[in-house]
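First comes the structure, then the notes that go with it.
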Amino acid sequence: MRMSKLMLKTLREAPSEAELESHKLLLRAGLVTTFAAGLYAFTPLGWRVIRRIEQIIRDEMDATGAQEVRLPELNPIELWEQSGRAETMGQTLFRLADRKERGFVLGPTHEEGMSFLASRHIQSYRDLPVTLYQIETKFRDEQRPRGGLVRLREFTMKDAYSFDTTWETLDASYAAAYDAYVRIFARAGIPVVPVAADSGAIGGKESQEFIYLTEDGEDEILQCPGCGYAANAEKAEFTPPPALHAEPLPMEKVATPNQRTIADLAAFLGIEERQTVKAVFYKADGQPVFVAIRGDLDVNEVKLKNALKAQDIEVMDEAMVKRLGLVAGSASAVGLTGMKVVADPTAVEAVNLAGGANEDGFHYLNVNHGRDWKADLITTVALARGGDACARCGTPLEVRRGMEMGHVFKLGTLYSESIGVQYLDESGERKPCVMGCYGIGVERMLAACIEANHDEQGIIWPAAVAPYDAHVVVLNGDQESVVGALAELEASATSARLALLVDDRPDSAGIKFKDADLLGMPSRLTLSPRSLEKGGVEFRNRRSGETSIVPLAGAVSAILEAASAG
RNA sequence: CGGGGUGUAGCUCAGCCUGGCAGAGCGCUACGUUCGGGACGUAGAGGCCACAGGUUCAAAUCCUGUCACCCCGACCA
């Protein structure tokens, strides 16, 4: 490709809308054009990178035996009503109607669609297992798109779905997808760590996310430096600090003027925070829920939501608190009626805790579960934080942030039951398929790839995703010796199936070198009368900066060598 | 949806406080000189100062409202 013909405009300065390094470089290198928040166009150069990333994904999925298909992006809303997600996905779903007022959704993901497709083709256990995938646009009305390509409203997802007869064979399908993911991210030059995850709104059991660790990520990860355990904060298990042991004492009411927070209360009473019990009020699917947890801990809302089997959970609004007569700052489950009480085991096991007296300015001392109050549900809802002890080995957990690149999980029969993906087993019995689900965000991979591969000058593409294999800077391109050498170089590249980006513009050398650094092809070849005098082209490795003169005939092998080195 | 910030040329920004001709650098066009790390000269083109309303003799500037974009949070594969 000749740069004189390429529709590309690089920018010396990044537009002020960009904050993330990848976003700045995407705009400066002219790979994308902003349409609106979370909506981007790809330019010819940017689109080549997307296609290369997709091809890596396709290669590795195909290698596992997965089969590529194509679903409509416009889904009849009935499918979503069948699964219940027309309701539970809420406003994230883009909805529309046709001229006859039939309802549709723009697919935000395709469990329903893929299940429907499978249901039309799977009849017998002999048809299983099978894994289907597609690389297709998803639409989500996100509350806040962000970070350039990190969170989009319209984006490309590779979504794969496995259909098995049993949970045991699902393990193999899941493992195959997992292994493919490890290879995909490695090939694309994105370092990832697999972490245990919550399976979220889609439902399901075992689940892992592939996270690119970066301070700019939106996910919080807890990692154990001792045993390697890593989990999303919403899923992370830990061992809370032990409670103090004591013999139960009689409950006693004390005045605690203006002591509303746990920290205030503990300081006022001269005790540790773990000797108090904290009350938090939630609204779960509209119903009030009272959560009791030891004062030194916080509530993990995802764990709470799962424990309650709720679709939606939020902190109780003030109006509801007032209506129910709850005394914020002095609340406890002692004498509480009229709502469900959920207790973390820490609040149940500890004795002689200080807790609210349900009267402004008063607390009880020596509150004990079983004697003074009783939980309707005792379940772990404590949030893991940095420094908490790893549940497996006791080492303090470390907090990291990261970007979710991919997600694999064991779905089970949720969708095969609601959409009706069934097979006849050996004994002629009709059963739902056991499903797995595996997603990768393509644009987000591009963003992470740039985050992980750049310097102050610009992008440094891993060879496997670079839009062109090499960038040829032509200087004094009107001189005959250069014209001839360029033709030779292009011919040898073509026969070796290498794609060259040739800067044949009449600009100054400085501009061309700056653009070559910004655009980040792994190899740069400078072709000029001077280089020819020295015996060929000047070869420069973008990543290492190493420079050498190679003869024209050796240019292709130099490019290949640099590519194989990564 | 809550909190914070920003909207002036294609990009980065000044001007706004204290109302009075619409500005700079980069980029773009033409010509000339340069020609291995964002060169130089000359001449140009390019603006509904986000939008709407108000105050005023006069509004980019003051007031009110709306919208868009960015960041944090909530939420979300």
Side-chain angles (χ1 to χ4, degrees), chain A residues 9-20 23-24 27-28 30 33-39 85 88-93 107-111 138-148 150-153 155-160 197-204 207-211 216 218-220 232 234 301-302 305 312-315 317 403-409 411 437-444 457-458 473-479 482 503 505-518 524 526-534 537-538 540 545 547:
Chain A
K9 207 48 107 173
T10 59
L11 293 172
R12 191 188 293 234
E13 289 176 282
S16 58
E17 72 198 48
E19 189 126 327
L20 275 194
H23 193 192
K24 287 181 185 173
L27 291 166
R28 281 194 60 210
T33 295
T34 311
F35 270 48
L39 298 173
R85 287 207 293 182
T88 57
M89 290 278 298
Q91 294 198 298
T92 303
L93 265 189
T109 169
H110 283 92
E111 281 76 12
K138 311 293 177 209
F139 299 88
R140 295 185 189 181
D141 192 355
E142 292 287 351
Q143 298 184 37
R144 181 154 92 88
R146 71 176 108 185
V150 173
R151 181 164 294 274
L152 297 166
R153 291 193 283 184
F155 65 103
T156 312
M157 183 197 263
K158 185 287 298 177
D159 50 326
D198 185 75
S199 43
I202 292 178
S207 169
Q208 281 163 304
E209 291 169 343
F210 289 81
I211 301 287
D216 297 313
E218 46 186 5
D219 291 319
E220 189 171 299
N232 195 305
E234 61 195 24
E301 294 183 8
V302 173
K305 183 166 128 180
D312 184 53
I313 193 163
E314 57 187 322
V315 172
D317 53 85
M403 237 181 246
E404 181 184 350
M405 294 290 106
H407 198 164
V408 293
F409 53 93
L411 257 184
C437 163
Y438 320 96
I440 290 180
V442 175
E443 287 88 351
R444 195 178 273 188
Q457 301 304 315
V473 173
V474 182
L475 302 175
N476 298 99
D478 49 350
Q479 292 198 12
V482 175
D503 194 346
R505 298 174 301 175
D507 293 294
S508 73
I511 288 176
K512 295 183 178 188
F513 288 138
K514 288 288 185 189
D515 270 350
D517 288 344
L518 174 61
R524 185 187 82 191
T526 304
L527 177 59
S528 68
R530 187 188 297 186
S531 75
L532 290 172
E533 260 172 48
K534 288 183 183 167
V537 295
E538 182 197 85
R540 184 168 184 267
T547 301

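Numbers restart at 1 for each chain; the letters A, B, ... are given by sequence-line order, proteins then strands. As the structure is a prediction and not an experimental result, all values here were calculated from the model.
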When you measure from the side-chain N and O atoms of [X] to the phosphate of [N], is any distance below 4.0 Å, counting only OP1 and OP2?
| X | N | result |
| --- | --- | --- |
| A/Ser508 | B/rC35 | no |
| A/Lys24 | B/rC11 | no |
| A/Ser16 | B/rU12 | yes |

Can you tell me how far [atom2] of [N] sits from [atom1] of [X], to the nearest Å?
| X | N | atom1 | atom2 | value |
| --- | --- | --- | --- | --- |
| A/Ile313 | B/rC75 | CD1 | P | 9 Å |
| A/Leu93 | B/rA77 | CG | P | 11 Å |
| A/Glu142 | B/rA74 | CD | C1' | 13 Å |
| A/Asp515 | B/rG36 | CG | P | 17 Å |

Base, sugar-phosphate, or nothing: which does [X] touch, judged by heavy atoms less than 4.0 Å apart?
| X | value |
| --- | --- |
| A/Gly38 | nothing |
| A/Glu301 | sugar-phosphate |
| A/Tyr438 | nothing |
| A/Ala18 | nothing |
| A/Gln143 | base |

Given the structure, check if the side chain of [X] and the base of [N] hold any donor-acceptor pair shorter than 3.5 Å.
| X | N | answer |
| --- | --- | --- |
| A/Arg524 | B/rG37 | yes |
| A/Arg146 | B/rC70 | no |
| A/Asp507 | B/rG38 | no |

Among [options], find the nucleotide with the atom closest to the side chain of [X].
| X | options | answer |
| --- | --- | --- |
| A/Phe513 | B/rA77, B/rG37, B/rG38 | B/rG37 |
| A/Arg144 | B/rG36, B/rG73, B/rA77 | B/rG73 |
| A/Pro15 | B/rG38, B/rC76, B/rC11 | B/rC11 |
| A/His407 | B/rC69, B/rA77, B/rC70 | B/rA77 |

key: Contact check, side chains of A/Phe139 and A/Leu93, non-hydrogen atoms, under 4.5 Å   = no
query = Any side-chain heavy atom of A/Glu301 within less than 4.5 Å of one from A/Glu314?
reply = no
ask   = Is there a donor-acceptor pair closer than 3.5 Å between any side-chain N or O of A/Lys158 and the backbone N or O of A/Tyr438?
value =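 Indeed, once roles are kept as given, a pair shorter than 3.5 Å links the two residues.
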task = Find the partner of B/rG19: check Watson-Crick (N1-N3 plus N6-O4 or O6-N4) and G-U wobble (N1-O2, O6-N3) distances, both under 3.5 Å, and reply none if neither fits.
result = none
inquiry  = Any strand counts, and the cut-off is 3.5 Å on both contacts for Watson-Crick or G-U wobble. Which nucleotide pairs with B/rC75?
reply    =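 Across any shown strand, B/rC75 pairs with none.
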task = Enter the distance from A/Arg505:CZ to A/Asp507:CG here, rounded to the nearest 0.5 Å.
result =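 Those atoms lie 5.0 Å apart.
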inquiry  = Between the side chains of A/Arg530 and A/Glu538, is the shortest nitrogen-to-carboxylate-oxygen separation below 4.0 Å, so that they form an ion pair?
reply    = no
